[in-house]
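Let me begin by presenting the structure, written as structure tokens, before commenting on it.
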Protein chains: 2
Amino acid sequence: MAGDPPKRRGRPPAGGREAILAATLELVRERGVARLTTRDVADRAGVSEASVYYHYRDKAGLLSAVFESGLEPLRAVGDRGLSADGERAEVLTTLARPLEQFLDQALPVLMAAQSDAQLREQLAGYMAENDLGPHRGVRALGAYLAAEQKAGRVLADIDPEAVAFLLVAACFLRAAQRQIMGTVAEREPLPSLERTVQTLDRLLRPAPER
Amino acid sequence: MAGDPPKRRGRPPAGGREAILAATLELVRERGVARLTTRDVADRAGVSEASVYYHYRDKAGLLSAVFESGLEPLRAVGDRGLSADGERAEVLTTLARPLEQFLDQALPVLMAAQSDAQLREQLAGYMAENDLGPHRGVRALGAYLAAEQKAGRVLADIDPEAVAFLLVAACFLRAAQRQIMGTVAEREPLPSLERTVQTLDRLLRPAPER
DNA sequence: GTCTATAGGTTGATAGAC
DNA sequence: GTCTATCAACCTATAGAC
């Protein structure tokens, strides 16, 4: 985003900071925050415990950093407009699938934060400050659908954002089911993304095309 | 549900067990599991800490009980069939709103369990055993929509379960946004339930009725 | 920037009397 | 069934040397 300065003075960073962050993220996803100890973070990162406290003031600071890095990909959504080329079902899928993949990464962190009121508020504050949230996906997808509607390819008298919301929600629930029910989710599968997109695409077609 | 036995022998229960469970549920919702201590549970329930361990073997046992009581209302969904009377939009709303209300209660508990891998597995196991999960809502709503389709009131060539899934997912995401983003969610509102149902209802209408 | 060592505080769980 | 008292384990965070 911001171009890095051309040359750097002084001793180059040893990478300890990044290793700690990565280790924390791994452990949170594996065991959950509740079982996260600074000791284990230090062990996995290959540094000492004190080093963790040197780079991140305290455990809360460390977790803040984890949230921010975990949510970072969401900024991209809505920044780049949707490329409106190709079949509509295809366009919808190319938005929905990355969204679902992002959620698979982010949900463990988002949900982990719900286990502690203080963390929860921290996270909510961060999301508010940076305008992050599901509305981002809804807006982006809604704009595309509104354009389709203007072009006469979508039923005239419906709310594009409501439809966008339905699709974003579908991605969310699919990811959430995987997160909450784990592998057991496969025994009671929800409709696939393809089937869902297909159905939605069909529903959107204006009367003459049916 | 099951009629209680007419008479009970021995000393009547003092209600301590229920008080402990209720106190735990309250505290989990307020502070999150991470900040939950058996000490605070005992204090709020008005009993001693040892009493907690008497009734529930250990902390994990206590939390299991909390999960089960928190998810209990979900059993009802899908057990009672949908009353298919009235306007369709109205029927959809009368299913969706209670679902969302249930989720507002259950999500804090569901998400809290994600903070600990052991709890997460425990919860997933319980849900699997009792056939609980989002598919329950999808099935129930899907059956209603399939009937509507058979009666010619829904577009013929779409998958009713995929549509049901969209609506259930919408409820889920709305509840999840409230849970994750808290009061901040109100600044970036998602489409309302009414608007969503209305839009979906309109999309479903077969061509002649448009 | 990174280490070792340790202080200081919290918590889950048990023992044993009532 | 409920209590008081207590322990052993664990974990965050800091101090101070290199």
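In what follows, chains are A, B, ... by sequence order, proteins preceding strands, each numbered from 1.
With sequence neighbours excluded, the residues satisfying salt bridge (charged side-chain N to carboxylate O under 4.0 Å, His left out) with E26(A) are R44(A). Taking Y126(B) as the reference, R75(B) meet the side chain to side chain donor-acceptor pair (under 3.5 Å) condition, with sequence neighbours excluded. Applying the side chain to side chain donor-acceptor pair (under 3.5 Å) rule to Q118(B) yields the partners R35(A); only residues at least two apart in sequence or on another chain are considered. With sequence neighbours excluded, the residues forming a side chain to side chain contact (heavy atoms under 4.5 Å, CB included) with E161(A) are V138(A), R139(A), D159(A), listed by chain and number. D43(B) is linked by a side chain to side chain donor-acceptor pair (under 3.5 Å) to nothing, counting only residues two or more places apart in sequence or in another chain.
Straight-line distance from the OH atom of Y56(B) to the C1' atom of dG1(D): 14 Å, rounded to whole Å. Between the C1' atom of dT14(C) and the NE2 atom of H55(B) lies a distance of 17 Å, rounded to the nearest Å. Distance, L27(B) CG to dT11(C) C1': 15 Å, rounded to whole Å. A straight line from OH of Y54(B) to P of dA15(C) spans 16 Å, rounded to a whole angstrom. Between L63(B) atom CG and dT11(C) atom C1' the separation is 14 Å, expressed in whole Å.
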Where protein sits on nucleotides 4-18 of chain D, one letter per nucleotide: B base, S sugar-phosphate only, - none, heavy atoms under 4.0 Å: B------SBBBB---
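Side-chain atoms of Q114(A) and S115(B) form no donor-acceptor pair, as typed in the model, at a separation below 3.5 Å.
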